[in-house]
Amino acid sequence: VPGSLAAALAAAVAIPFAAALLLFAGSRLWTRASARSIPAGLAVASAATLTLLVAWSWYAAALPVHVRVDWMRTLGIGAGVYLDGLALIFVVVAAPAGLLACIYSGRFLAHERRSRGLSAADATYYGYLLLFLGAVLGVFVAEDLVQLYVFWELTDVASFLLIGLNWRDARSRAAAVKTGIITAIGGLALLVAFVILAEAAGTSSIPAILAAPPAGGGAVDVALVLLVIAAATKSAQFPFHGWLPAAMVAPTPVNAFVDSAAVLAAGVYLLARFLPVFAGAPLWEPLVTIVGLMSMVVGAVLAIGARDLKWILAYSTISQYGFIVALLGGASSAGVTAALFFFVHHAIIKAGLFFVAGLADYAGGDARARHVSLATAAALVLALSLAAVPPLGGFWMKEAFLDVVLGRTWPLPVLGFVVAALTPVYVLRFLTRAYAGRTIDTMAPVRLPGSMLAPALTLSVVTMSLGLWPEAALVGLVQPGASAVTGGLDPLSLSLHLGPALLLSIGALTLGAVLFVTRHRWIGVLALGPAWSVDRLWAMAATLLTAVGRRVLRTQHGLLSGYASVVLLGLLALVVFSLATARAATVPAEVRVAWNSGEAPLGLFVILVATACVLSFTLRRHLQVVLVLGAAGFLIAGVFAVARAPSLGLVQVHVETLITVLLLLGLSRIPTEARERLDSGPRARMTALRLIAAAVAGAAAAWVSWLAIEHRGDRAVADWIERHAETSGAADPVATVLLYVRALDTLGEVFVFGATTAGVLVLVRLVRGRAG
Amino acid sequence: MTPLIRLVGGAIPPVAALISVTHLVGVEHGPGDGFTAGIISALGITLAYELLGYHEARDRLRGLRFESVLGAGLAIVLLSAMMPLVAGQPFLAESRAGIHVPLLGDVSLSSSLLFDIGIYLGVLGGAMVAIENLRKEDE
């Protein structure tokens, strides 16, 4: 039943979006009491539903599930669902993580309100969270490059909103902007990469591209670099890692879900997804491996120097994702298997650690808090698992890593060993800071809520179980995924044998313990860190960007003549272009003006209109100008009436009346004194340049109109009208054109009209507010 | 204010609305024109403002928020433009159905009528929002 599975997956993506919309739209309807419970309940319910849907497709799927429907047919762009083993891994990790985060959030939000003055409504928070959940699932199951890109950008938007949730706080805003800009750079890079890829492959369907990858070299290499940049921004890899620590201002459950199991996962997914396309290129291995290695080292060093619990975890995440990226650089079957295995373990551990950090925050570091022993147990298990202590899950993830990199060039095993030794140092610092055994006598000890303990405990049990039965994750989830990428089944061995990998693991643990104990002797070295921090580069880039922005802003000078000349120049360019490309046959052979149209003198009206126009710029008083221009408009209506277009004339009369009324009202709002000053002030000079510009623009407009009228040699338009006249049921060609051509035009116009009205509204209220 | 002016002022908006409806449905074969209809309706109301004074005229229309009219119009336009997508037809595609109305006989209803109603409301709402906000507060 691939069809129903695809529908289930599409529903899994759609449910959180629908729930988010419901939350945004309905937030006014709830009473004070239900404003907490309804959003939380809705979020948990929809996250649970989609987790069940995902679990069902894991259970029932005959992979790959593949459905494609047309989206933008003329461009060959489709949409649909593509779930193979690789996508399954990410979906299976992200969905439950989202559910746990929703469960955890209920009590944590209340705490966040008390302790940090968070003012956003619960509905807003859950709405953003669900928006994110839907978007990230969409990334993982997207069938088409364009579809993937759209969801990718949606995750950017959602994470921007989540990080800036507490927007009254300047730090929160700064972090959101930083994340927004870095991920936007990645998004743009991804867009260009996808365009190149789709052009080279001749299709934008992801499975089709994977089945027949385009030949490498040239533009495809550019796509490779851009794709790696996009993945690095998303996965917070060096040198784009700066946003992740800043994002720690977001509520902790957001960090647990978004930052460890979803956003960063999207970057890894991108690399793994398109690895078969690019791995043949000589650029892939050095580029991806170096990015991964740098992130491993930089992240670990910064994690040791960090003071805040969440910052330790953020830097640690950068470092651990570095392991995954470095493994993907190898592109071997074993490397991909180990990378995905690492990813699954790390997502579980890191989400759990964030939950633990939130618990510590909730307890205020007070060791007397009720159920603190449960939280401490979870913290111990998860942290030691991250430090790769056997027999926990994290041990096997480092084993798999070391096992694979031992076969590769020397920097990998050497740096891998060093970072593996640094990991226990920051893990132990985390533990000593989380539950340092302080007692705060002035406050009554809090009780840690079950809805926050349960997610942390669940994940610690999972990582413990995966330590005891390491094959479980490997066989059920990771190996099908890896074989979907590389085609082969990998011989990753997870038996405990006395090999070089095990020796390295034990060595790293020992070295780490020694480093932790002696940390006071060497930790001062880290003070050098800020000197070479990428954050400085970031600050410089931000300054540069601001300067460019100021320069651009200067074009908005407020001088009407300047704007008008730009518009006229554009018009002129358009005319020159169309004249240059027009076929010779379209140039009219003779110019014939009908001065008399049957019974009424058309020429008289034309002369009157021209007189009114000339009169309008010789008059000084604005009121008179408005009236004369109105008269010109009514005279044009007369032209239409004489030229046998009465309905057009009628419309012209209506519009002219309305415009005159609006202009008069506008004039009446200018205070009398100011109006008199305006009326008696110096008039705009009629310079020769302006005269020429006006004449040229007028002539160009007339010329284009003339060309359009005379352009009768082409049958294409007439054929089109005839073809549609039959199907539309319209009485005549004019009605057909109105039906088919006018609609889009009118659609655009009515929205411009609405936007202009909104502008009037804002301006008037602004002035009124300033006056009153 | 004479009773005659009061009567005429009160009658103008509904009459204008009636005229605008004939434009909206398009009496002469061709499709309707929501744009003109909206402007006629707006002008009718404006005229009533002039005759009766803003406050009295507005009082007769109380409960009508032109911002909402504008919003509803734009929403209807978008909705009717997107509806064909659900049926697998291109954006803005037109569809029609014949229905039987008791007094009028068989009437051919076009989906473009809904579109034009949206345009009508959008133009009416927009024009009135602009006029109401540009007027002097004391008039």
Side-chain angles (χ1 to χ4, degrees), chain A residues 69-71 73-74 647-648 650-659 661-669 671 724 727-732 734-765 767-768 771-772, chain B residues 19-20 23 26 28-43 46-47 49-50 66-67 70-71 73-74 76-78 80-81 88 90-96 98 108 110-112 115-116 118-123 125-137 139:
Chain A
V69 293
D70 279 336
W71 178 15
R73 199 173 308 147
T74 42
S647 56
L648 208 54
L650 201 62
V651 175
Q652 172 73 14
V653 168
H654 295 320
V655 173
E656 202 53 51
T657 315
L658 188 69
I659 289 176
V661 168
L662 280 174
L663 279 176
L664 288 176
L665 281 174
L667 272 186
S668 75
R669 286 192 68 85
H724 283 83
T727 53
S728 70
D732 51 73
V734 176
T736 313
V737 172
L738 281 183
L739 267 180
Y740 279 90
V741 181
R742 196 201 49 165
L744 190 62
D745 211 38
T746 314
L747 183 80
E749 279 163 4
V750 81
F751 274 91
V752 170
F753 193 67
T756 314
T757 313
V760 170
L761 203 66
V762 169
L763 278 178
V764 168
R765 299 218 167 137
V767 172
R768 198 175 293 165
Chain B
I19 296 174
S20 70
H23 276 269
E28 299 152 5
H29 312 298
D33 182 0
F35 176 73
T36 315
I39 289 192
I40 292 174
S41 218
L43 285 177
T46 314
L47 201 53
Y49 283 0
E50 281 299 318
F66 289 111
E67 288 93 340
L70 171 65
L74 295 186
I76 291 174
V77 165
L78 262 194
S80 72
F91 189 67
L92 277 173
E94 194 227 8
S95 56
R96 45 182 63 235
S108 164
S110 161
S111 67
S112 70
F115 181 82
D116 267 315
I119 300 287
Y120 170 78
L121 293 178
V123 170
M128 290 317 294
V129 166
I131 286 174
E132 296 210 326
N133 279 286
L134 285 175
R135 83 189 164 83
K136 279 191 191 157
E137 271 87 62
E139 271 171 25

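Letters A, B, ... mirror the listed sequences (proteins, then strands); counts begin at 1.
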(message) If I take atom OG1 from residue A/Thr757 and atom CD from residue B/Glu132, how far apart are they, to the nearest 0.5 angstrom?
(response) 12.0 Å
(message) Suppose we screen for ring-ring contact (aromatic ring centres under 6.0 Å, His included). Which residues come up paired with B/Tyr49, at least two apart in sequence or across chains?
(response) B/Tyr54
(request) Could you tell me the separation between the CG atom of A/Leu658 and the CD1 atom of B/Ile131, rounded to the nearest 0.5 Å? (result) 5.0 Å
(request) Search all heavy atoms of B/Ala130 against all heavy atoms of A/Leu662 and return the closest pair with its distance. (result) CB-CD2, 3.8 Å
(message) Distance check, rounded to the nearest 0.5 Å: A/Phe751 atom CZ versus B/Leu78 atom CG?
(response) 3.5 Å
(message) Applying side-chain hydrogen bond (donor to acceptor under 3.5 Å, both in side chains), can you list everything that pairs with B/Thr36, at least two apart in sequence or on another chain?
(response) B/Asp33
(request) For B/Ala81 and A/Leu747, work out which heavy atoms get closest and say how close. (result) CB-CD1, 4.3 Å
(message) Quick check for you: to the nearest 0.5 Å, what is the distance between B/Asn133 atom CG and A/Leu761 atom CG?
(response) 4.5 Å
(message) Between B/Leu74 and chain A, with a heavy-atom cut-off of 4.5 Å, which part of the residue counts as in contact: side chain, backbone, both or neither?
(response) both
(request) Quick one: which of A/Thr746, A/Val661, A/Asp70 has the most heavy-atom pairs under 4.5 Å with chain B, could you say? (result) A/Thr746
(message) Given heavy-atom pairs under 4.5 angstrom as the criterion, report whether the side chain, backbone, both or neither of A/Leu650 touches chain B.
(response) side chain
(request) Given side chain to side chain contact (heavy atoms under 4.5 Å, CB included), test B/Val129 with A/Val760 step by step and report yes or no. (result) CA-CA 8 Å; B/Val129 166; A/Val760 170; over 6 Å; no
